[in-house]
Engineer: 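Below you'll find the structure I mean.
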Amino acid sequence: MPAPSPRHCFGLRLQVGRRALAATLTIGLAACDSGPLPLPHAGAPESRQLLGQRLLAQYQCGSCHAIPGVEAARANVGPPLEAFGRRSYIAGHVPNAPDTLARWIVEPHALVPDSPMPSMGVAPDDARAMAAYLLSLR
Ligand code: HEC
């Protein structure tokens, strides 16, 4: 049986080296990813938007809507919500503004009685944060 060539040994060492590097990278990424994100303060507009972005995922609005920036929100049962901040109307005829949008999210039927969108049991504060995020989409 021929002895392994020095080149082979070098290849092996290189591979181990790469693997070690990959492991280091994985650990590095895991470190970035670990732990819950700090809860943003509800006061500042950007933090409110961030909170809203997370709530849209939590309430699973994406099971019906495509929403940019929201994980797994790619469905098309309801209309896509991209650039929602540029929309003049909610559901075609309710003026789009922070208050009306939050109200819509809590109880769509209060604004459009025959709307197919269900009430999702959203708390009013949560709805305001989600509205802030949707209105920031341009
Ligand atoms: C079961 C499916 C479903 C779920 C879940 C759902 N929606 Fe909807 N949504 C709809 C449908 C259908 C419409 C269209 C309603 C209409 O035109 O009357 C709609 C309309 C909307 C609109 C207005 C869209 C437009 O083009 O004017 C917004 C904003 C909206 N939904 C936000 C949300 C948010 C936020 C959530 C999560 C809290 C959510 N939706 C959950 C089905 C859903």
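Remember, it's 1-based here, ligands and their atoms both numbered in the order they're listed. Hydrogens, waters and symmetry mates are skipped; everything else that's a heavy atom, side chains included, is used.
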Engineer: With atoms numbered from 1 as shown, which atoms in ligand 1 lie under 4.0 angstrom from a non-hydrogen atom of L56?
Structural biologist: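 Taking each heavy atom of L56 in turn, ligand 1 has 35 (C) under 4.0 Å.
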Engineer: Which protein non-hydrogen atom lies closest to atom 16 (C) of ligand 1, naming both residue and atom, and how far is it?
Structural biologist: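 Looking at atom 16 (C) of ligand 1, the protein heavy atom closest to it is S115 OG, 3.5 Å.
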Engineer: What's the shortest distance from atom 27 (O) of ligand 1 to any protein heavy atom, and which residue and atom give it?
Structural biologist: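 Minimum-distance protein heavy atom for atom 27 (O) of ligand 1 reads A91 N, 2.6 Å.
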Engineer: Give the atom numbers and elements of ligand 1 that come within less than 4.0 Å of a heavy atom of G78.
Structural biologist: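 Reading through ligand 1 atom by atom, the close ones are 10 (C), 11 (C), 12 (C).
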Engineer: Side chain, backbone, both or neither: which part of I90 has a heavy atom under 4.0 Å from ligand 1?
Structural biologist: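 Both backbone and side chain.
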Engineer: Could you state the interatomic distance from CZ (R48) to CG (D125), rounded to the nearest 0.5 Å?
Structural biologist: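 Here the rounded value is 6.5 Å.
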Engineer: Atom 19 (C) of ligand 1: which protein heavy atom is closest, and how many Å away?
Structural biologist: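 Result for atom 19 (C) of ligand 1: H65 CE1, 3.3 Å.
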Engineer: Can you report which non-hydrogen protein atom sits closest to atom 12 (C) of ligand 1, along with the distance?
Structural biologist: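 Checking every protein heavy atom, the shortest distance to atom 12 (C) of ligand 1 gives P116 CG, 3.7 Å.
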Engineer: For a quick test of reading the model, state the closest non-hydrogen atom pair linking V106 to A127 and the distance between them.
Structural biologist: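 So the minimum-distance heavy-atom pair works out to CG2-CB, 3.5 Å.
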Engineer: How far does OG of S136 sit from CD of E46, to the nearest 0.5 angstrom?
Structural biologist: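 Between S136 OG and E46 CD, I get 10.0 Å after rounding to 0.5 Å.
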Engineer: Enumerate the atoms of ligand 1 whose separation from the nearest heavy atom of L101 is less than 4.0 angstrom.
Structural biologist: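 Here the atoms of ligand 1 in question are 29 (C).
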Engineer: Of the choices G62, A127, C64, which has the non-hydrogen atom that lies closest to atom 43 (C) of ligand 1?
Structural biologist: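 Closest candidate by heavy-atom distance is C64.
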Engineer: Could you find the nearest protein heavy atom to atom 39 (C) of ligand 1 and give me its residue, atom name and distance?
Structural biologist: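 I find the closest protein heavy atom is M117 CE, 3.4 Å.
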Engineer: Measure the distance from atom 22 (C) of ligand 1 to every protein heavy atom, then report the residue, atom name and distance (to 0.1 Å) of the closest one.
Structural biologist: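 Looking at atom 22 (C) of ligand 1, the protein heavy atom closest to it is W104 NE1, 3.2 Å.
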Engineer: Less than 4.5 Å apart, any side-chain heavy atom of Y133 and any of R54?
Structural biologist: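 A side-chain contact under 4.5 Å is absent here.
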Engineer: If you round to the nearest 0.5 Å, how far is CG of L51 from CD of Q58?
Structural biologist: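 With rounding to 0.5 Å, CD (Q58) is 8.5 Å from CG (L51).
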Engineer: How far is atom 36 (C) of ligand 1 from its nearest protein heavy atom, and which residue and atom name does that atom have?
Structural biologist: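 Its nearest protein heavy-atom neighbour is C61 SG, 2.8 Å.
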Engineer: List the atom pairs, with distances to 0.1 Å, where a side-chain N or O of residues 60-89 and a protein N or O form a donor-acceptor pair under 3.5 Å, not counting sequence neighbours.
Structural biologist:
{"unit_1": "S63", "atom_1": "OG", "unit_2": "Q60", "atom_2": "O", "d": "2.8"}
{"unit_1": "H65", "atom_1": "ND1", "unit_2": "P79", "atom_2": "O", "d": "2.7"}
{"unit_1": "R87", "atom_1": "NH2", "unit_2": "P80", "atom_2": "O", "d": "2.9"}

Engineer: Hey, is ligand 1 close enough to Y59 that some N/O pair sits below 3.5 Å?
Structural biologist: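 It does not: no N or O of Y59 is found under 3.5 Å from an N or O of ligand 1.
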Engineer: I need the minimum non-hydrogen distance between H109 and S119, along with the two atoms involved.
Structural biologist: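 Smallest interatomic distance, heavy atoms only, reads ND1-OG, 4.0 Å.
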Engineer: Could you state the interatomic distance from OG1 (T100) to CD1 (I90), rounded to the nearest 0.5 Å?
Structural biologist: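 If I round to the nearest 0.5 Å, the distance is 4.0 Å.
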Engineer: What distance do L135 atom CG and R138 atom CZ have between them, rounded to the nearest 0.5 Å?
Structural biologist: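 CZ of R138 is found 7.5 Å from CG of L135.
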Engineer: Among protein heavy atoms, which sits nearest to atom 25 (C) of ligand 1, and what does the distance come to when rounded to 0.1 Å?
Structural biologist: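 Ranking protein heavy atoms by distance from atom 25 (C) of ligand 1, first comes R87 NH1, 3.4 Å.
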